[in-house]
Protein chains: 2
Amino acid sequence: MGYFEEKKFKMTPQRAAILGFLDGNKSHPSADDIFEAISVEYPMISRATVYNTIEVLKDNGLLWELSIDDERKRYDPNTNMHHHLICTKCRKVVDIHIEFDLQVPEDALGGFKLTGRHVEFYGLCPECADIGDKQK
Amino acid sequence: MGYFEEKKFKMTPQRAAILGFLDGNKSHPSADDIFEAISVEYPMISRATVYNTIEVLKDNGLLWELSIDDERKRYDPNTNMHHHLICTKCRKVVDIHIEFDLQVPEDALGGFKLTGRHVEFYGLCPECADIGDKQK
DNA sequence: TTCTCTGCAAATGCTTTGCAGAGGC
DNA sequence: GCCTCTGCAAAGCATTTGCAGAGAA
């Protein structure tokens with residue numbers, strides 16, 4: 001992400017560490033996952049800084065906030081159009097890069113102006129499905 | 001909902017009020033919306049009872065918990081397959097009863113066993129779009 | 001030097017939990 | 001009468017905020 005070089009945001013070691021952790025990350029981490037990961041290198045980092053950086057990235061379209069976990073917000077540094085496959089047991093999230101044809105007739109929109117779309121597939125990941133099988 | 005007559009759950013005035021409020025409700029209320037609505041008739045009801053009842057309904061498939069609002073969980077008593085149109089400004093949620101063809105090739109599933117799907121459309125409702133226009 | 005960013009700690013808001021008494025069945 | 005449900009109050013988490021000092025530009 002060469003974003004911070006172009007715009008007027010201060011690059012700090014903490015932010016660099018967060019960007020490094022997020023770059024190419026496909027684990028859809030929560031704020032606390034990010035905090036824990038960065039804490040390994042920067043034990044003094046605070047959650048406020050993590051939330052602060054997330055906010056800046058979100059505002060500039062570099063990070064998506066996902067509402068796919070009931071318990072906490074999850075973040076996705078992949079901001080290209082894609083969808084998600086979610087394990088309902090362990091909450092693992094996998095990207096699905098497929099374009100679906102989702103036409104909605106005008107009269108079903110009730111006057112809404114569409115700006116985006118997102119498909120969530122629910123299921124059991126291989127690991128969780130295995131555990132379920134063994135318990136039978 | 002004739003559910004409680006068939007199963008072994010105690011029907012209480014509070015639960016009856018909650019069921020009555022939810023029956024046919026298309027507003028996708030939060031737990032607190034339900035609490036506020038019931039409070040009009042039953043000022044003494046507690047949030048714990050609302051959450052408790054929501055839990056029972058969820059466990060028995062009579063209520064869907066929606067993760068479509070960053071700030072709070074929302075609930076939907078319509079458990080027939082449908083999708084949602086969400087206003088990103090005021091968080092209004094409208095049902096979309098359209099069946100989409102969402103085929104996912106086996107190799108994109110990574111071994112997941114699919115159990116469900118849900119399409120979220122984001123946009124601006126007529127009211128919020130109007131406000132946006134006027135501010136220009 | 002300037003002004004944003006950081007870390008700490010407290011506050012906030014939603015949701016959960018413990019518990020004793022109330023009340024369906 | 002039994003046992004679940006209710007209301008209250010406190011606890012639990014994720015997230016936000018206030019503020020003084022640190023540090024990037």
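Numbers restart at 1 for each chain; the letters A, B, ... are given by sequence-line order, proteins then strands.
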### Query
Looking at Thr49(B), does any N or O in its side chain come under 4.0 Å of the phosphate oxygens OP1/OP2 on dG7(D)?
yes
### Query
Taking the side chain of Lys73(A) as heavy atoms from C-beta outward, which of dC8(C), dT15(C), dT15(D) is closest to it?
dT15(D)
#### Entry: Cluster companions of Val94(B) among Ile, Leu, Val, Met, Phe, Trp, Tyr (side-chain spacing under 4.5 Å)
Leu85(A), Val94(A), Ile96(A), Ile98(A), Phe100(A), Leu102(A), Val104(A), Leu109(A), Phe112(A), Leu114(A), Val119(A), Phe121(A), Leu85(B), Ile96(B), Ile98(B), Phe100(B), Leu102(B), Val104(B), Leu109(B), Phe112(B), Leu114(B), Val119(B), Phe121(B)
### Query
Starting at CG of Leu66(B) and ending at C1' of dC14(C), how long is that distance when rounded to a whole Å?
16 Å
### Message
On the nucleotide dT16(C), are OP1 or OP2 found under 4.0 Å from the side-chain N or O atoms that Tyr51(B) carries?
### Response
no
### Message
Classify Asp32(A) by what it touches in the nucleic acid, base, sugar-phosphate, or nothing, heavy-atom distance under 4.0 Å.
### Response
nothing
## Note on the structure
In whole angstroms, the gap separating P of dC19(C) from CG of Asn52(B) amounts to 17 Å
### Task
Sequence neighbours left out, what pairs pass salt bridge (charged side-chain N to carboxylate O under 4.0 Å, His left out) with at least one residue falling in residues 74-88 of chain B?
Asp69(B)-Arg74(B)
### Query
Which heavy-atom pair separates Ser67(B) from Glu120(B) by the least distance, and what is that distance?
O-OE2, 4.2 Å
### Task
Measure from CD on Glu55(B) to P on dC14(C) and round the result to the nearest Å.
18 Å
### Whole-Å distance separating the CD atom of Glu36(A) from the C1' atom of dA14(D)
13 Å
### Task
Kindly state each residue pair satisfying ring-ring contact (aromatic ring centres under 6.0 Å, His included) with at least one member in residues 13-43 of chain B, sequence neighbours excluded.
His28(B)-His84(B)
### Message
Given 3.5 Å as the limit, does a donor-acceptor pair link the side chain of Arg72(B) with the main chain of Pro29(B), or not?
### Response
no
## Note on the structure
Whole-Å distance, Phe35(A) CZ to dC13(D) C1', equals 14 Å
### Message
Any salt bridge linking Arg47(A) with Asp32(A)? Criterion: basic side-chain nitrogen under 4.0 Å from a carboxylate oxygen.
### Response
yes
### Query
Once you round it to whole Å, what is the distance between P of dG23(C) and CZ of Arg15(B)?
15 Å
### Message
Has Asn25(A) got a side-chain atom pairing as donor or acceptor with Leu22(A)'s backbone, closer than 3.5 angstrom?
### Response
no
### Query
For the helix from dT1(C)-dA25(D) to dC25(C)-dG1(D), what angle lies between the axis at the first five pairs and the axis at the last five pairs, to 10 degrees?
40°
### Task
Please check the phosphate of dT16(D) (OP1 and OP2 only) for any side-chain N or O of Arg47(A) closer than 4.0 Å.
no
### Task
State whether Gln14(B) places a side-chain N or O below 4.0 Å from either non-bridging phosphate oxygen (OP1 or OP2) of dG23(C).
no
### Message
Looking at dT15(D), I'd like to know if its phosphate oxygens (OP1 or OP2) sit under 4.0 Å from a side-chain N or O belonging to Arg72(A).
### Response
no
### Task
Write out all pairs satisfying ring-ring contact (aromatic ring centres under 6.0 Å, His included) with one or both partners inside residues 49-70 of chain B, taking only residues at least two apart or from two chains.
Trp64(B)-His82(B)
### Query
Quick one: Met44(B) CE to dA22(C) P, roughly how many Å, whole number?
15 Å
At a cut-off of 3.5 Å, list every protein nitrogen or oxygen paired with a nitrogen or oxygen from nucleotides 20-25 of chain D, distance to 0.1 Å.
from: dG23(D); atom 1: N2; to: Lys10(A); atom 2: NZ; distance (Å): 2.8
from: dA24(D); atom 1: O3'; to: Met11(A); atom 2: O; distance (Å): 3.2
from: dA24(D); atom 1: N3; to: Lys10(A); atom 2: NZ; distance (Å): 3.3
from: dA25(D); atom 1: OP1; to: Met11(A); atom 2: N; distance (Å): 3.1

### Task
Taking all heavy atoms of Cys128(A) and all of Cys87(A), pick out the closest pair and write down the distance.
SG-SG, 3.6 Å
## Note on the structure
Atom CG of Asp69(A) and atom P of dC13(D) are separated, to the nearest Å, by 15 Å
### Query
Do any N or O atoms from the side chain of Asn52(B) and from the backbone of Ala48(B) form a donor-acceptor pair under 3.5 angstrom?
no
